[in-house]
Amino acid sequence: MSNKLFNFTLHSNPLDLDVIRGILTRLEDTIIFALIERAQFAHNPKAYERGAFQELKDIGFDKSWLEWFLKETESFQAKARRFTSLDEYPFTPIAELPAPVLKSVPYPEVLYPNKVNVNPSIYSFYVRHIVPRITRQATLTLSALKRAKGVKGDDEYEDDGNYGSAATIDVEVLQAISKRVHYGKFVSESKFIDNPAAFVPHILKPNREALEALITKPEVERKLLQRLRKKALVYAQDFAPDGEPRGDAAKIDVDGVVELYESYIIPLTKEVEVDYLLARLDGLSQQQIDDLAKGKAAINGIADRK
Ligand SMILES: C=C(O[C@@H]1C=C(C(=O)O)C=C[C@H]1O)C(=O)O
C-alpha cells in the first residue's frame with residue numbers, strides 16, 4: 001500500500017476533479033483485490049471480539065485481535081512518517097502511536113484545516129457487515145469440514161488457522177477504504193473552490209441536505225457501480241493454466257463488492273464531503289466570507305487564512 005496516495009510531484013493541480021476521480025477509480029482495484037484475498041479465509045469471528053485472546057490479555061492488550069494488528073502495524077507506519085499528511089488517518093488512537101523517526105515532509109496545504117475522521121464508522125461497518133458477507137463461502141466450507149471432524153456449535157466457525165493472514169489483509173482493506181472515503185475532502189475542496197457562492201449560504205446556515213444535493217453527482221455514482229461490477233467479475237475469475245479466463249467470478253461475492261460501495265463507501269464519502277464543507281469557513285474573516293459568497297474563488301485552491 002503506497003504511503004502517499006497523492007503524489008504531488010506527478011500532478012500540477014491536486015484539486016483537478018478528474019485527477020481526483022482517477023485516484024478514486026484506481027483505489028477500486030486496490031479494494032477489490034484485497035477483498036478477493038480476504039475471501040480466501042473464513043470469517044473467524046473471534047478475531048474481532050475484544051478480550052477473546054488470552055494471549056493478548058497476557059501481554060496487556062485487552063482489545064480484539066484485529067485491533068492489535070492495527071496498533072502494531074500502524075505503530076511501525078507512524079515511525080516511518082505515515083499519518084503526517086492530511087489524507088491518511090490511523091484506526092489506532094493517534095496518542096497511542098510513536099512519533100516519526102523522520103522529519104515530516106512539508107506537503108503543500110491543499111485541504112482546509114479540519115478534523116473530519118470517520119474511521120470508527122469504517123471499522124464498524126467493515127467488521128459487522130463486510131467481513132461476514134465477503135467470507136461467507138470460505139466460512140461455510142470451514143464449518144462443513146469441522147462438522148465432518150465431529151466439531152459442533154460455535155467452534156465450527158472458528159480458526160481456519162489463518163488469524164494472522166486474515167488480519168493482515170483486514171488492515172490493508174481498512175486502510176484502503178479509509179483513504180478512499182477521506183479523499184472526499186479533496187473532492188469537496190475542488191467543488192467548493194469551483195463555485196464557493198453555491199455553498200456559502202448552506203454553510204453559514206448549516207443545511208446538510210442542501211450541501212449533499214450540491215455535491216451529489218448521480219451519473220458519476222451510477223457509472224461507478226456499473227464499472228465496479230464489471231471489474232469484480234473480471235478480477236474474480238479463475239484462469240486456465242494457459243491464462244484463458246474461465247468466466248466464473250469464483251473468487252468473490254460480486255454483489256457484496258457492489259453493496260460495499262453502494263451502501264457504505266459512497267454514502268460515507270458524501271458525509272465526509274458535507275462535514276468538510278460545514279467547517280470550510282471556520283476561522284475566515286467576514287470579508288473573506290463575503291468575497292467567497294460573491295463567487296471570488298479562493299487563491300491557489302485555498303482561501304487566504306487570517
Ligand atoms: C466523489 C464524488 O462525490 C460524490 C460521491 C461519489 C462517490 O463516493 O463515489 C460519487 C459522486 C458524488 O455523488 C465525485 O463527485 O466524484
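Counting starts at 1 for both ligands and their atoms, following the listed order.
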*Going by the angle between their ring planes, with limits at 30° and 60°, are Phe186 and Tyr183 parallel, tilted or perpendicular?*
parallel

*Does the ring of Phe53 carry Lys46 above it, NZ/CZ under 6.0 angstrom from centre and within 45° of its axis?*
yes

*Could you tell me which atoms of ligand 1, counted from 1 in the order shown, lie closer than 4.0 angstrom to a heavy atom of Ile215?*
3 (O), 4 (C), 12 (C), 13 (O)

_Side chains of Tyr235 and Asp29: any donor to acceptor distance under 3.5 Å?_
yes

*Under 4.0 Å, heavy atoms only, figure out whether ligand 1 is touched by the backbone of Ile266, its side chain, both or neither.*
both

_Under 4.0 Å from a heavy atom of Thr269: which atoms of ligand 1 are those, numbered in the order shown and with their elements?_
8 (O)

_For atom 14 (C) of ligand 1, which of the options Arg21, Arg222, Lys217 provides the nearest non-hydrogen atom?_
Arg21

*Specify side chain, backbone, both or neither for Leu17, according to which of its non-hydrogen atoms lie closer than 4.0 Å to ligand 1.*
neither

_Proximal atoms of ligand 1 relative to Leu224 (non-hydrogen, under 4.0 Å)_ = 9 (O)

*Nearest neighbour in protein (non-hydrogen) for atom 10 (C) of ligand 1*: Glu221 CG, 3.6 Å

_As an exercise, identify every atom of ligand 1 less than 4.0 angstrom from a heavy atom of Arg180._
7 (C), 8 (O), 9 (O)

*Look at atom 1 (C) of ligand 1 and say which protein heavy atom is nearest, naming residue and atom and giving the distance to 0.1 Å.*
Glu273 OE2, 3.6 Å

*For Glu189 and Arg280, what are the C-alpha separation, side-chain angles and deciding distance, and is it a salt bridge (Lys or Arg N to Asp or Glu O under 4.0 Å)?*
CA-CA 9 Å; Glu189 182 63 25; Arg280 183 57 180 78; 2.7 Å; yes

*Would you say Lys115 has more than 12 foreign heavy atoms packed within less than 6.0 Å of its NZ?*
no

_Heavy-atom donor-acceptor pair, Asn44 side chain to Asp160 backbone, under 3.5 Å_ = yes

_Close-contact set for ligand 1 against Lys191 heavy atoms, below 4.0 Å_ = 2 (C), 3 (O), 4 (C), 14 (C), 15 (O)

*Inter-residue atom distance Arg136.CZ - His43.NE2, 0.5 Å rounding*: 13.0 Å

